[in-house]
Amino acid sequence: MPAFHPNRVHTIVFDLPSFVRDFRKEDWGGFREILTIFEQRGFRLYAVESDVPEGRWSGSPQVAYLSGPPQELIQANPALSNEGVFWVTSHPVTQAQLAEQNCWFAGDNSESEVADGLHFQHFADLLEILHPSRASAHDLAHLLVEVKRHSPQLPLTIGVGGPDDCGHAFVIAELMEALEELGQLVSGLDLTELLGMEFEAQSEARYWKSLQIRSWVLEEVLRPYSTGKQVVIESEPGLLESLEVTIFPFFAPPEGILLAWGGPLFLPDFEQLIDLRVHLDLSPRTATARLFEIDEREEFDQSFIETYQQREGRLYQNYLAEFDVESQLDYRIDFENLNAFRLKP
């Protein structure tokens with residue numbers, strides 16, 4: 001059986017008769033909430049039932065149901081045991097069949113692990129087992145800690161760039177938590193309000209909110225840190241008032257990792273100051289939805305996308321091309337789904 005990784009799962013099949021016999025009305029409510037979260041994470045959902053009560057799967061979340069015994073369904077439709085399909089079943093015979101076909105599964109019975117599956121105690125545990133964002137953050141955190149391990153006393157600055165207002169904070173929060181769980185000291189610098197496409201035409205400091213802010217970020221924080229100095233800033237400078245950049249007092253020791261994130265983060269200004277570069281990849285449609293705060297799961301007027309591509313999108317593409325950002329990148333993250341980002345291979 002291939003090694004399990006949540007980022008390789010695209011479909012979840014729930015063998016309902018194997019675990020819902022004792023469900024009460026409130027249990028079904030909680031189960032639907034869990035399915036809704038899985039739907040938001042972009043998984044396709046199937047429910048195996050022989051007798052489906054009317055209206056059970058109408059509305060949200062979107063669940064397709066399969067009628068018949070699981071063993072017969074798997075035999076009749078080999079795609080149900082393909083790589084990327086994950087079964088939730090507590091039936092030992094079904095588990096044995098899935099194990100024989102190298103298909104991932106989880107169950108709440110003791111036989112699950114014996115049959116090379118995953119075991120969960122409560123349904124909410126499945127949200128942790130199948131959490132693409134957390135898994136990607138942990139994968140990236142392990143990579144960064146390994147880099148740091150080879151040079152523990154040298155500063156390591158990670159830059160996370162992507163289109164303006166695309167949701168950098170979602171990735172940063174998961175990554176910081178993953179690094180801290182590994183015992184790694186982390187400092188953060190939020191540049192999303194200091195750098196942006198709206199400042200592209202600035203004559204003194206292109207892409208920067210102001211020349212003074214550029215000087216503070218580069219000369220007071222990043223450059224000293226890059227030379228191995230411990231950076232301590234006791235109180236917030238007046239020029240950053242009302243801007244959420246970091247927590248003060250700010251402390252960045254060279255034995256830690258410094259995360260910096262923002263829009264056009266891979267300018268020549270940062271050439272010697274950022275060690276590893278991570279880019280958040282979004283389609284024009286998704287970037288438009290995030291910028292205009294539209295629910296990206298819903299259909300919306302094409303004119304919004306056209307407006308974005310004529311303005312912010314065009315400027316961002318120009319930035320990527322002018323500074324050959326593509327060739328600078330060390331890691332890329334598929335950020336199409338705000339609730340389930342994935343580290344690209």
Side-chain angles (χ1 to χ4, degrees), residues 3-8 131-162 166-192 194-195 217-233 245-247 250-282 320 323-335 340-345:
F4 169 74
H5 195 292
N7 285 4
R8 294 163 64 188
H131 197 320
S133 295
R134 188 153 300 161
S136 288
H138 276 272
D139 288 348
L140 183 54
H142 278 282
L143 290 169
L144 300 181
V145 168
E146 183 63 19
V147 171
K148 187 66 179 174
R149 186 179 68 82
H150 290 292
S151 53
Q153 298 306 313
L154 293 180
L156 181 62
T157 301
I158 312 301
V160 180
C166 71
H168 297 76
F170 285 84
V171 175
I172 294 300
E174 291 284 2
L175 182 54
M176 279 194 162
E177 182 177 338
L179 286 167
E180 288 168 354
E181 286 178 2
L182 294 174
Q184 179 61 57
L185 186 62
V186 191
S187 306
L189 204 59
D190 183 351
L191 305 181
T192 53
L194 312 187
L195 277 169
V217 171
L218 300 181
E219 307 306 329
E220 299 297 323
V221 182
L222 294 183
R223 203 171 307 282
Y225 184 75
S226 71
T227 62
K229 294 180 181 178
Q230 178 170 281
V231 177
V232 180
I233 302 175
V245 176
T246 191
I247 297 173
F250 175 75
F251 176 61
E255 62 268 22
I257 289 177
L258 174 60
L259 296 179
W261 63 96
L265 194 62
F266 307 127
L267 301 168
D269 292 350
F270 298 97
E271 189 171 348
Q272 303 298 322
L273 305 179
I274 292 178
D275 301 299
L276 293 174
R277 293 162 170 78
V278 182
H279 190 263
L280 307 180
D281 293 349
L282 296 85
L320 293 176
F323 300 105
D324 194 18
V325 171
E326 183 91 18
S327 68
Q328 300 183 43
L329 301 178
D330 298 287
Y331 302 105
R332 306 181 75 129
I333 287 176
D334 181 344
F335 202 29
F341 62 82
R342 288 170 162 82
L343 184 64
K344 290 186 173 182

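Sequence positions, counted from 1, serve as the residue numbers for this chain.
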Output the distance between atom [atom1] ([X]) and atom [atom2] ([Y]), rounded to the nearest 0.5 Å.
| X | Y | atom1 | atom2 | value |
| --- | --- | --- | --- | --- |
| Leu280 | Cys166 | CG | SG | 5.0 Å |
| Tyr225 | Leu189 | OH | CG | 11.0 Å |
| Ile233 | Glu220 | CD1 | CD | 6.5 Å |
| Leu265 | Gln328 | CG | CD | 10.0 Å |
| Leu343 | His5 | CG | NE2 | 8.0 Å |
| Leu218 | Gln272 | CG | CD | 12.5 Å |

Above 12 or not: heavy atoms from other molecules or residues under 6.0 Å from [atom1] of [X]?
| X | atom1 | answer |
| --- | --- | --- |
| Phe170 | CZ | no |
| Lys229 | NZ | no |
| Ile247 | CD1 | no |

(request) Check whether the side chains of Glu181 and His138 place a donor and an acceptor atom closer than 3.5 Å, and report yes or no. (result)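 A donor-acceptor contact under 3.5 Å links the two side chains.
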(message) I'd like to know if the side chain of His142 pairs up with that of Glu146 as donor and acceptor (distance under 3.5 Å, no hydrogens or angles considered).
(response)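 Result is no, nothing qualifies.
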(request) Apply the test side chain to side chain contact (heavy atoms under 4.5 Å, CB included) to residues Asp139 and Tyr331: give CA-CA distance (whole Å), side-chain angles for both, the deciding distance (0.1 Å), then the verdict. (result) CA-CA 11 Å; Asp139 288 348; Tyr331 302 105; over 6 Å; no
(message) With side chain to side chain contact (heavy atoms under 4.5 Å, CB included) as the criterion, how do Leu143 and Leu276 come out once you've worked through the C-alpha distance, each side chain's angles and the decisive distance to 0.1 Å?
(response) CA-CA 11 Å; Leu143 290 169; Leu276 293 174; over 6 Å; no
Over all heavy atoms of both residues, which pair between [X] and [Y] is shortest? Give the atoms and the distance, please.
| X | Y | value |
| --- | --- | --- |
| Leu191 | Ala260 | CD1-CB, 4.5 Å |
| Pro155 | Asp275 | O-OD2, 3.7 Å |
| Val232 | Phe251 | CG2-CD1, 3.7 Å |
| Asp281 | Arg332 | OD2-NE, 2.8 Å |
| Glu219 | Arg223 | OE1-NE, 3.0 Å |
| His168 | Gly161 | NE2-C, 3.9 Å |

(message) Would you call the rings of His279 and Phe266 parallel, tilted or perpendicular, taking 30° and 60° as the class edges?
(response)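 The rings of His279 and Phe266 sit tilted, inter-plane angle from 30° to 60°.
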So [Y] and [X], do their side chains get closer than 4.5 Å, heavy atoms only?
| X | Y | answer |
| --- | --- | --- |
| Ser136 | Asn7 | yes |
| Thr157 | Leu273 | no |
| Ile333 | Val160 | no |

(request) Please report the C-alpha distance between Phe250 and Val221 in whole Å, then the side-chain angles of each, then the deciding distance to 0.1 Å, and finally whether the side chain to side chain contact (heavy atoms under 4.5 Å, CB included) criterion is met. (result) CA-CA 10 Å; Phe250 175 75; Val221 182; 3.8 Å; yes
Mark yes or no for whether [X], through its side chain, and [Y], through its backbone, hold a donor-acceptor pair below 3.5 Å.
| X | Y | value |
| --- | --- | --- |
| Thr246 | Gly188 | yes |
| Lys148 | Gly256 | yes |
| Asp330 | Arg277 | yes |

(request) Identify which one of Leu156, Leu222, Leu185, Ile158 satisfies the side-chain contact (heavy atoms from CB on, under 4.5 Å) criterion when paired with Leu258. (result)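 Of the listed options, the one satisfying the test is Leu222.
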